[in-house]
> 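Here you go, one structure.
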Protein chains: 2
Amino acid sequence: MGRSTGRRLGRAGIRDVAAAAGVSITTVSDALNGKGRLPDATRSHVREVADRLGYRPSAAARTLRTGKSGLIGLTVTTYGDEPFTFTEFAYFAEMARAATSAALARGYALVILPATSRHDVWSNVALDGTVVIDPADGDPVVTELVRHGIPVVSDGRPGGSLPVTGWVDNDHEAAVLGLLDHLAEAGARRIGLLTGTTTDTYTRLSTTAYLNWCERVGQDPVYESYPAYDPRAGAVAADRLLARPDRPDAVYGLFDPNGTDLLAAARRYGLRVPDDLLLVCCSESTVYATTDPPITTLSLKPRRIGTAVVQILIDAIEGLDDSCPIEQVIPTDLIVRTSSQRRSPRTTVSPPRGPAGD
Amino acid sequence: MGRSTGRRLGRAGIRDVAAAAGVSITTVSDALNGKGRLPDATRSHVREVADRLGYRPSAAARTLRTGKSGLIGLTVTTYGDEPFTFTEFAYFAEMARAATSAALARGYALVILPATSRHDVWSNVALDGTVVIDPADGDPVVTELVRHGIPVVSDGRPGGSLPVTGWVDNDHEAAVLGLLDHLAEAGARRIGLLTGTTTDTYTRLSTTAYLNWCERVGQDPVYESYPAYDPRAGAVAADRLLARPDRPDAVYGLFDPNGTDLLAAARRYGLRVPDDLLLVCCSESTVYATTDPPITTLSLKPRRIGTAVVQILIDAIEGLDDSCPIEQVIPTDLIVRTSSQRRSPRTTVSPPRGPAGD
DNA sequence: GCGTTGAGAAGGTACGTTTCTGCATGGCAA
DNA sequence: TTGCCATGCAGAAACGTACCTTCTCAACGC
């Protein structure tokens, strides 16, 4: 009976490699992980034998032993009945792509998890850390994770003094103020807002920034809210906004589809863009470069956010907390197109602020 | 010495629960997992103690013991230098969302992995199975996974006799043929194609279906190809297509952004849609419902594909191979809008084929 | 000749579960 | 009484790795 000989059921284990190479288990482990003091001859020999046997170390065993799984949770908040809904496809896709890429470069992989899900799923996967997107105030999942000593970095400033390890966010107030100034400079007299009924930080900050701006310049706020997770509601809300007696001559839409929603509504009311109505919306989609007219968009730079979030998180996991700031503000980017320019309708792309690149 | 007493370093383990509840480890395990023969009294007592101690079973240990991790890989093929590029954001986002949701409902989580990545990342995570999106012919990663006995289900028919466990796909040929017939019925005399230079199955099948259709009806093929992963190239290719001497009076664009690309190009050449040019593109994006004019799109039903892929995979993992077919064809959905109708430009949405729902 | 040093490699334990096997106990029929 | 089964639980062996400790052996200075 014995363990060294015997069952060929599963894949080759470290024991088999050791036996085949005529060395001990320790030597195999050291040789493959670049540790210990071994002559190069032994190292390469072991490596060769391992290759020949098709040996792959068991991730589970390694995780159990080392306590590190190399897995990072990517958590998105849920809106509807679906496990989760991406209000902004392009934003999430870009952000997730960058995060995946950054994690991979450092040897980590991302696990997609909805914030609200059965507890067994959460404890069924060993996470070294977690990225949460726009956590709600006092989010129980985040609290629990932190209590278990798992680093958590959030995309979006955490509300309610959530004890996160760090966060990355845009300066939403500044972005909205800058954008409203831009519209005012282009000749807007009354700027409207298309916003959401949800309570997430992004919506809240942007809306209050708008209200503050209105108060500062002495304009009555003109806005309509709708549940952002319902794609149809956007078109209806856009219509409502332009049907008001105090119809705005410029509109900023907080969500990705608002650009086309507003454009369609403007057409229905016979309003020409940008002549009768200036338009800006927050979006990462490239379709707004080729609409008629092209629409000015505010980019939140999801790529940079995704990268930054992961870097901070992995630094925290590996104990390099000080290599970069724990809280980072990523500048936004206003991509000015025809829809917000009353003068020269020829300009297509010109980022007015923020450092170059990406 | 002494393991039962001693270090309070980490979190509570099953041993601590057993000690606190005054029972054996076995009893705790059985009570928590609903196994063994225990009176309900013991069960609830153990559960309560475990709760009080904040006990969470170690995923790594469980995986090591059982051989099941509850993790499913979601692999996307890479195009550029980025780990991976989503040519179609909306498609991927929807598909991934549905897959995540379906996996979660059955107690699994999804791990995002690029198909081509350093080997250590792949072996660093214990996967019960993998979903691959549109694998290339003879994909080495897939081959290796299968060789290690890991079930693999692909989104898109696997080329080159890849030994996958199952696959889900649309009937791309039928979709293209149906769509071309639709355009012809709307009065198109010469239908052009905007296609890609990549060799993936989707592009290949769709293009050959187009060529076959042309041969059948006796029309000269009119098409332009471009590298689909480059968003700028699409606009250029659309322009090229409409600049040709044998300019088509209808165009089908294979990729998501082609709708706006073609619309913009049409405007540049003074072509009215749908009067001078009929337009259809393959897209999951809702923006095409509100463009001017609304554009007819072909939906590949990513939600249903994502769900089906995961179901098949998990069935295979759990050994229920026969509960549903191993190969599934999901019907596509042509969403007819103004851009492909020369007669009644009022109709907006009417799925012509496929069963109802979703 | 002897302690010292350091390289090279092996032994063995622990990581935290699941689960197989087995030991009591008690009721019931033979 | 004896045999037998069902019940309730405990012991201990894995799972495959990493790493701490120990061992051997040769070289070397004194």
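Lettering of chains follows the sequences in order, A, B, ..., and the numbering in each one begins at 1.
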> Do the side chain of A:Thr26 and the base of C:dG11 come within less than 3.5 angstrom through a donor-acceptor pair of N or O atoms?
yes
> Does B:Ser58 place a side-chain N or O at less than 4.0 Å from the phosphate oxygens OP1/OP2 of C:dG16?
no
> Given D:dG8, is OP1 or OP2 found less than 4.0 Å from the side-chain N or O atoms of B:Thr42?
no
> Under 4.0 Å, counting only non-hydrogen atoms across every strand here, what does A:Thr27 touch: a base, just sugar-phosphate, or nothing?
sugar-phosphate
> Looking for any heavy atom pair under 4.0 Å, which part of the strands does A:Asn33 touch: base, sugar-phosphate only, or nothing?
sugar-phosphate
> Can you tell me how far apart CG (A:Asp169) and CG (A:Asp134) are? Round to the nearest 0.5 Å.
8.0 Å
> Can you find a side chain N or O atom of A:Lys35 that sits less than 4.0 Å from OP1 or OP2 on D:dA18?
no
> Pick the nucleotide of DNA chain C nearest each of A:Ile25 and A:Arg37; which residue has the one closer to the 5' end?
A:Arg37
> Base, sugar-phosphate, or nothing for B:Thr66, non-hydrogen atoms under 4.0 angstrom?
sugar-phosphate
> For D:dC19, take OP1 and OP2 only and decide whether either is under 4.0 Å from a side-chain N or O of A:Arg65.
no
> Just call it for A:Thr63: base, sugar-phosphate, or nothing, with non-hydrogen atoms closer than 4.0 Å on any strand.
nothing
> Stepwise, does the side chain to side chain contact (heavy atoms under 4.5 Å, CB included) test hold for B:Ile317 with B:Tyr108?
CA-CA 11 Å; B:Ile317 290 172; B:Tyr108 289 75; 3.6 Å; yes
> Counting side-chain heavy atoms from C-beta on, which of D:dT17, C:dA9, D:dC9 comes nearest to B:Leu38?
D:dC9
> So, taking the atom named CD1 in A:Ile312 and the one named OG1 in A:Thr165, what distance separates them when rounded to the nearest 0.5 Å?
10.0 Å
> Considering heavy-atom distances to DNA chain D, does B:Leu64 or B:Val23 have its closest nucleotide positioned more toward the 5' end?
B:Val23
> Mind checking the CG-CZ spacing from B:Asp40 to B:Arg47? Nearest 0.5 Å is all I need.
8.5 Å
